[in-house]
Amino acid sequence: MTTASVGRTVHYVSHGTPVREDGTRAFEPQCRAAIITEVDPDSPGRVGLAVVNPTGLFFHPLSAGGAELAEGEDRAAGSWHWPERV
Ligand SMILES: [Zn+2]
């Protein structure tokens with residue numbers, strides 16, 4: 001497993017919009033480019049991120065909880081992971 005470090009580019013899983021009554025949703029959770037801005041020294045899987053959305057930046061610092069590394073294939077909204085190889 002690669003160790004998280006400041007400046008690495010990763011994926012952040014965005015929160016989608018709420019599911020409508022008919023089961024559809026305007027925006028599904030999806031991978032967004034993000035740059036690691038901080039690494040929690042006590043928990044290296046928890047990082048601060050600058051998320052680069054197509055229409056703007058979103059900052060997710062450790063002081064606001066940061067983001068946890070998603071383990072395996074379970075990639076919950078609000079977590080991060082190394083970019084998939086394509
Ligand atoms: Zn991804």
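All of these numbers come straight from a predicted model, not from anything done at the bench. Every number for a ligand or one of its atoms is a count from 1 in the order of the listing. The analysis underlying the following values was restricted to heavy atoms, covering all of them including side chains, and did not include hydrogens, waters or symmetry mates.
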Any heavy-atom pair between the side chains of [Y] and [X] that's under 4.5 Å?
X: Trp82; Y: Arg8; result: yes
X: Pro54; Y: Arg32; result: yes
X: Leu49; Y: Ile36; result: yes

> Distance only, no hydrogens: is a donor on one side chain within 3.5 Å (strictly under) of an acceptor on the other, for Glu84 and His11?
Replying inline: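 Side-chain D/A pair, Glu84 to His11: present.
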> Which count of protein N, O or S atoms is obtained for distances strictly below 2.8 Å from the Zn ion (ligand 1)?
Replying inline: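 For the Zn ion (ligand 1), the figure is 5.
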>> Rounded to the nearest 0.5 Å, what separates atom CD in Glu28 from atom OG1 in Thr17?
In response: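 If I round to the nearest 0.5 Å, the distance is 7.5 Å.
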> Which residues satisfy the side-chain hydrogen bond (donor to acceptor under 3.5 Å, both in side chains) test with Thr24, sequence neighbours excluded?
Replying inline: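 side-chain hydrogen bond (donor to acceptor under 3.5 Å, both in side chains) list for Thr24, sorted by chain: Arg20, Asp22.
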